[in-house]
Amino acid sequence: NLDKEVAPGRSVRVCLENLEYILKDRIPRINSLPTIFIHNDFQVKNLLFDKKNQSKLTVIDIDTAVIACRSWDFLFLLLGSDQCEFYTSTAADLLSKFKDSLEIYVRASKTPLTEEEIFLLPNILQIRLAHIASFFAYNLARNDSFFMKILEAWFLVFEEREAIRSSAKRANESIEK
């Protein structure tokens, strides 16, 4: 049902209209962002830590690796391709975790985000949410609450887009110090 709402004015239809805008306007801009070699399924289960030498890390499961914007890998790490966090967290908790994790990610990469990356970050997050929804579409029909949580997160990202951008700017400042 495209008109099912998570709140007044927040329906699947509105979400799809917003996604259509992002795909038409933002994807060309996202595709022009600086690219690097990314894992494209970057999550904790694909990291092996050496117990003896804790600074040694091995990344596994690289069959999906591509050249793409680095924000995509960060979002995989945050949300994971298995979406475990989505089942147990609220949309607000996930957004809070996103903002907290962003500084850690940028500091670890030692490369500040560009102004364009910062501007597009909320849209990239929304695209990742759409990816989760499409990847698990067969479950969404049976698990309405999961779908509604994705929809709620989508609108929360839109509402909080300036706070997300401010978090990204603070993350850049953390590596400039």
Side-chain angles (χ1 to χ4, degrees), residues 5-44 64-81 83 85-86 89-136 147-177:
E5 294 185 332
V6 290
R10 294 178 168 192
S11 67
V12 175
R13 185 179 311 280
V14 172
C15 183
L16 290 173
E17 289 167 359
N18 187 241
L19 179 59
E20 180 181 19
Y21 168 77
I22 289 171
L23 293 174
K24 285 180 180 175
D25 183 72
R26 301 293 199 236
I27 290 293
R29 291 175 68 178
I30 291 168
N31 287 339
S32 70
L33 290 175
T35 57
I36 61 171
F37 182 79
I38 66 167
H39 188 275
N40 205 28
D41 189 14
F42 196 59
Q43 52 186 315
V44 174
T64 58
V66 295
I67 304 292
C69 72
R70 63 185 165 153
S71 302
W72 195 249
D73 245 5
F74 169 67
L75 293 173
F76 261 88
L77 181 61
L78 177 67
L79 298 174
S81 63
Q83 288 75 44
E85 292 276 343
F86 248 97
S89 299
T90 66
D93 289 341
L94 286 170
L95 186 59
S96 177
K97 181 180 174 186
F98 172 78
K99 290 189 271 188
D100 292 343
S101 302
L102 186 59
E103 184 175 334
I104 295 165
Y105 177 81
V106 171
R107 194 176 323 131
S109 75
K110 298 180 180 163
T111 306
L113 297 167
T114 67
E115 287 297 317
E116 187 75 345
E117 282 177 302
I118 291 170
F119 178 79
L120 293 170
L121 202 53
N123 298 125
I124 295 168
L125 181 52
Q126 286 177 307
I127 291 166
R128 178 67 181 121
L129 290 169
H131 178 253
I132 292 168
S134 67
F135 190 71
F136 285 88
F147 179 77
M148 296 309 278
K149 191 180 289 191
I150 291 174
L151 196 60
E152 180 185 350
W154 176 281
F155 287 108
L156 187 61
V157 167
F158 179 78
E159 289 173 359
E160 296 290 324
R161 62 191 179 281
E162 290 307 320
I164 292 168
R165 291 175 181 139
S166 293
S167 293
K169 289 175 184 174
R170 281 192 303 279
N172 276 355
E173 291 168 3
S174 75
I175 61 170
E176 292 169 359
K177 293 177 183 177

Quiz prompt | Residues that Ser166 engages under side-chain contact (heavy atoms from CB on, under 4.5 Å), provided they are two or more places apart | solution = Arg170
Exercise. For Glu117 and Pro112, work out which heavy atoms get closest and say how close.
Key: OE1-O, 4.2 Å
Exercise. State, to 0.1 Å, how close Ile164 and Pro122 come at their nearest heavy-atom pair, and which atoms those are.
Key: CG2-CG, 4.1 Å
Practice problem: Determine whether Asp25 and Asn123 make a side-chain contact, defined as any pair of heavy atoms from C-beta on separated by less than 4.5 Å. | Solution: no
Quiz item: What is the minimum heavy-atom distance between Ile175 and Val106, and which atoms define it?
Solution: CG2-O, 3.7 Å
Quiz prompt | Set of residues satisfying salt bridge (Lys or Arg N to Asp or Glu O under 4.0 Å) with respect to Arg26, sequence neighbours excluded | solution = none
Quiz item: Got Ile124 and Leu33 here, is their nearest side-chain heavy-atom distance under 4.5 Å?
Solution: yes
Quiz prompt | Closest non-hydrogen atom pair between Ile118 and Ala168, with its separation | solution = CG1-CB, 3.7 Å
Self-check item: Residues which pass salt bridge (Lys or Arg N to Asp or Glu O under 4.0 Å) with Glu116, listed by chain and number, not counting sequence neighbours
Solution: Arg29
Quiz item: side-chain contact (heavy atoms from CB on, under 4.5 Å) with Thr64: which residues, sequence neighbours excluded?
Solution: Asn40, Asp41
Quiz item: Is the number of heavy atoms from other residues, nucleotides or ligands within 6.0 Å of CZ (Phe158) greater than 12?
Solution: no
Practice problem: Evaluate the side-chain proximity of Phe155 to Asn18: yes if any heavy-atom separation is below 4.5 Å, no if none is. | Solution: no
Practice problem: Quick one: pull up CG in Leu102 and CZ in Arg165 and give me the separation to the nearest 0.5 Å. | Solution: 13.0 Å
Practice problem: Indicate yes or no for a side-chain donor-acceptor contact from Ser96 to the backbone of Asp93 under 3.5 Å, with no hydrogens or angles considered. | Solution: no
Quiz item: Which residues pass the salt bridge (Lys or Arg N to Asp or Glu O under 4.0 Å) test with Lys24, sequence neighbours left out?
Solution: Glu20
Quiz item: Are any non-hydrogen side-chain atoms of Val66 and Thr35 less than 4.5 angstrom apart?
Solution: no
Quiz item: Are Leu113 and Arg70 side-chain neighbours, meaning at least one heavy-atom pair lies under 4.5 Å?
Solution: yes
Quiz item: Closest approach of Ile38 and Ala68, non-hydrogen atoms and distance?
Solution: CD1-CB, 3.6 Å
